[in-house]
*Asks:* 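Take this structure first; my questions come after.
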Amino acid sequence: MLTCPRCGWIVADAHAQVCPNCGLALREASAADQEGAPPPPYVAPPSAPTPPTYGAPPAYGAPPSMPMPPYGAPPTYGAPPSMPMPPCGAPPTYGAPPSMPVPPPTYGAPPSMPAPGGPTYGTGYGAPGGYPGAYAPGQGWRPSAQPEPPPWGRIIGAIFGGLIVVAIVVSVIYNVTRPPAPPVKFTSAQKTQTAVVASTILADPLTSNVNGWSDDSHCYFDTNGYHIRNAWMCYAPIGSQVDGTESVTAKEIAGPVNHGYGLVFRRVSKGNYYQFMITSSGDYAVFKIQNDTLSDLVPYTPSSAIDVGLNAVNTLSVTMSGPVFDCYVNGVKVTETHDSAFPQGLWGLGVYSTDNVVFTDYLARR
């Protein structure tokens with residue numbers, strides 16, 4: 001085997017005289033040739049026919065220290081001298097230098113105190129049943145086969161909230177679009193009743209002493225009402241009054257039917273007051289007692305408005321407005337009289353002689 005000194009071509013025929021690649025004479029004639037023996041003719045090997053020549057090769061090529069491989073063999077590009085190439089067919093290895101081996105990656109255990117409510121993690125690397133970063137289900141975890149239930153609380157709350165909004169909108173629309181209500185008209189009786197309720201001083205059924213009436217042998221409470229007897233007067237616990245209306249229901253249960261009983265009003269002191277009286281025989285009268293002297297503002301006068309006889313029930317009422325007094329029996333106005341001697345005073349109840357009269361349903365209003 002020869003090597004061409006010009007192009008570096010490796011010549012397989014050891015007896016070749018000329019480089020088959022560049023045509024350079026490889027050597028002078030051998031000693032046998034010099035003795036006159038003719039050289040044998042050149043015969044190319046069967047497996048490596050002589051390739052055609054294409055002139056001189058380029059100036060670059062493998063360095064002398066790396067001879068070209070034989071014709072037909074692939075060029076080899078080995079690793080540096082310190083790192084020889086592996087055998088043909090084996091994959092290249094790219095490891096760390098022998099002196100510095102790369103350790104395998106390590107994964108430590110999770111924090112010892114995970115955040116509350118967050119996911120928990122498995123044991124550290126190499127522990128049985130765990131690996132770094134393994135997830136352990138915490139509170140509220142459900143497997144994927146069991147879907148989370150619908151949030152019914154929020155759904156129901158949203159429905160109720162929507163209904164409330166709709167109700168408010170409908171109410172506003174109704175109040176804006178509905179026609180105005182007709183004005184309310186009150187009768188005179190309703191106006192009077194409203195005024196009475198709004199200005200009541202005392203409303204007492206007189207079935208027990210809850211308001212501080214006099215309670216003694218002349219004026220006392222029983223199961224059927226407040227009794228007054230033996231020519232006595234008892235005053236309502238409302239203090240001195242000026243104008244207003246005083247009324248009561250009266251029933252004589254014992255005594256002469258021609259003795260008076262009824263209302264006392266504007267009593268300023270002992271022996272100075274007014275009285276509106278009726279009898280069980282059917283008469284009424286208005287008296288002024290001044291300095292213990294009685295005078296008739298209206299003398300006894302019969303009236304069909306009075307129910308007569310013992311145990312007959314009659315309702316008496318007097319309305320005071322300055323010097324004017326309007327007197328009623330059972331809702332019927334029986335008289336009107338005037339006097340200015342006593343502009344104000346106590347209101348109350350009274351009877352004459354040995355009568356025993358039961359009073360109920362006392363009302364004072366201004």
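Atom set for the values below is all heavy atoms of this structure, side chains included, hydrogens, waters and symmetry mates excluded. Count residues from 1 along the sequence.
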*Asks:* Given 3.5 Å as the limit, does a donor-acceptor pair link the side chain of Asn291 with the main chain of Thr293, or not?
*Replies:*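 Absent.
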
*Asks:* Roughly how far, to the nearest 0.5 Å, is the CG atom of Asp222 from the OG atom of Ser208?
*Replies:* 12.0 Å

*Asks:* Check for a donor-acceptor pair, side chain of Asn330 on one end and backbone N or O of Thr315 on the other, with a separation under 3.5 Å.
*Replies:*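 Checking the backbone N and O of Thr315 against the side chain of Asn330, a donor-acceptor pair under 3.5 Å is found.
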
*Asks:* With rounding to the nearest 0.5 Å, note down the distance linking CD1 in Ile306 to OG1 in Thr279.
*Replies:*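 So the gap between those two atoms works out to 6.0 Å.
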
*Asks:* Please test Ile253 against Asn356 for side-chain contact (heavy atoms from CB on, under 4.5 Å), starting from the C-alpha separation and ending with a verdict.
*Replies:* CA-CA 6 Å; Ile253 60 174; Asn356 188 340; 3.9 Å; yes

*Asks:* With a 4.5 Å limit on heavy-atom distance, are the side chains of Ser317 and Phe276 in contact?
*Replies:* no

*Asks:* Please tell me whether Phe359 and Tyr226 form a close aromatic pair, meaning their ring centres lie under 6.0 Å apart.
*Replies:*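 No.
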
*Asks:* Might you point out which heavy atoms bring Asp292 and Ile289 nearest each other, and give the distance in Å?
*Replies:*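 Closest approach of Asp292 to Ile289: CA-CG2, 3.9 Å.
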
*Asks:* Looking at side-chain heavy atoms only, is the closest gap between Pro205 and Thr360 below 4.5 Å?
*Replies:*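 When only atoms from C-beta onward are counted, Thr360 and Pro205 do not touch, as no gap falls below 4.5 Å.
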
*Asks:* Looking only at heavy atoms, which two atoms of Gly225 and Val358 are closest? And how far apart?
*Replies:* CA-CG1, 3.8 Å

*Asks:* Which heavy atom of Val308 sits nearest a heavy atom of Ala312, and at what distance?
*Replies:* O-CB, 3.4 Å

*Asks:* Please assess Asn258 against Tyr352 for the test side-chain contact (heavy atoms from CB on, under 4.5 Å), listing each intermediate value before the final yes or no.
*Replies:* CA-CA 10 Å; Asn258 60 347; Tyr352 281 107; over 6 Å; no

*Asks:* Answer yes or no: is there a side-chain heavy-atom contact under 4.5 Å between Asp339 and Pro323?
*Replies:* no

*Asks:* Output, in order, the C-alpha distance, side-chain angles, deciding distance and verdict of side-chain contact (heavy atoms from CB on, under 4.5 Å) for Val324 and Glu336.
*Replies:* CA-CA 7 Å; Val324 181; Glu336 177 182 321; 3.8 Å; yes

*Asks:* Can you name the closest pair of heavy atoms from Pro256 and Asp355 and give their distance?
*Replies:*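 It is CD-OD1, 3.2 Å.
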
*Asks:* I need the single residue from Tyr284, Phe325, Tyr328 that forms a side-chain contact (heavy atoms from CB on, under 4.5 Å) with Thr335. Which is it?
*Replies:*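 Between Thr335 and the candidates, side-chain contact (heavy atoms from CB on, under 4.5 Å) is satisfied uniquely by Tyr284.
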
*Asks:* According to a hydrophobic-cluster definition based on side-chain heavy atoms being under 4.5 Å apart (Ile, Leu, Val, Met, Phe, Trp, Tyr only), do Leu349 and Val286 belong together?
*Replies:*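 Cluster IDs for Leu349 and Val286 match.
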
*Asks:* Find the distance between CH2 (Trp152) and CD1 (Ile159) and round it off to the nearest 0.5 Å.
*Replies:* 8.5 Å

*Asks:* If you measure from NZ on Lys251 to CG on Asp307, what distance do you get to the nearest 0.5 Å?
*Replies:*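 Spacing of NZ (Lys251) from CG (Asp307) equals 12.5 Å.
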
*Asks:* Classify the ring geometry of Tyr300 against Phe287: parallel below 30°, tilted from 30° to 60°, perpendicular beyond 60°.
*Replies:* perpendicular

*Asks:* Does the pair Leu263 and Val248 meet the rule for a side-chain contact (heavy atoms from CB on, under 4.5 Å), with working shown?
*Replies:* CA-CA 8 Å; Leu263 297 170; Val248 74; 3.6 Å; yes

*Asks:* Could you tell me the separation between the SG atom of Cys219 and the NE2 atom of His227, rounded to the nearest 0.5 Å?
*Replies:*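 Going from SG on Cys219 over to NE2 on His227, the span is 11.5 Å.
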
*Asks:* Can we call the ring centroids of Phe342 and Tyr274 under 6.0 Å apart?
*Replies:* yes

*Asks:* Are Trp347 and Met233 connected in a single hydrophobic cluster, I mean Ile/Leu/Val/Met/Phe/Trp/Tyr linked by side-chain heavy atoms less than 4.5 Å apart?
*Replies:*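 The answer is no; the residues belong to distinct hydrophobic clusters.
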
*Asks:* Grab the two heavy atoms, one from Pro237 and one from Trp213, that are nearest each other, plus how far apart they are.
*Replies:*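 The pair with the smallest heavy-atom distance is CD-CE2, 3.6 Å.
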
*Asks:* Got a donor-acceptor contact below 3.5 angstrom from the Arg266 side chain to the Gly345 backbone?
*Replies:* no

*Asks:* Are Val357 and Val257 co-members of a hydrophobic cluster defined by side-chain heavy atoms under 4.5 Å apart?
*Replies:*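 Different clusters: Val257 never reaches Val357 through Ile, Leu, Val, Met, Phe, Trp or Tyr contacts under 4.5 Å.
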
*Asks:* If I take atom SG from residue Cys4 and atom CD1 from residue Ile10, how far apart are they, to the nearest 0.5 angstrom?
*Replies:* 11.0 Å

*Asks:* So if I apply the side chain to side chain donor-acceptor pair (under 3.5 Å) rule between Gln241 and each of Arg366, Gln344, Arg365, which one comes out positive?
*Replies:*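 Per the side chain to side chain donor-acceptor pair (under 3.5 Å) rule, the option paired with Gln241 is Arg366, out of Arg366, Gln344, Arg365.
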
*Asks:* With the side chain counted from C-beta on, respond yes when Leu346 and Tyr273 share a heavy-atom pair under 4.5 Å apart, and no when they do not.
*Replies:*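 Leu346 does not reach Tyr273 side chain to side chain.
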
*Asks:* Indicate if Leu294 and Val351 have the same hydrophobic cluster label, given that clusters are the connected sets of ILVMFWY residues with side-chain heavy-atom separations under 4.5 angstrom.
*Replies:* no

*Asks:* Quick one: does Asn314's side chain have a donor or acceptor within less than 3.5 Å of a partner on Ala250's backbone?
*Replies:*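 No.
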
*Asks:* Minimum heavy-atom separation for Arg229 to Ser217, with atom names?
*Replies:* NE-O, 3.4 Å

*Asks:* Hydrophobic clusters here meaning ILVMFWY residues chained together by side-chain heavy-atom distances under 4.5 Å, can you tell me if Leu363 and Val318 are in one?
*Replies:* no

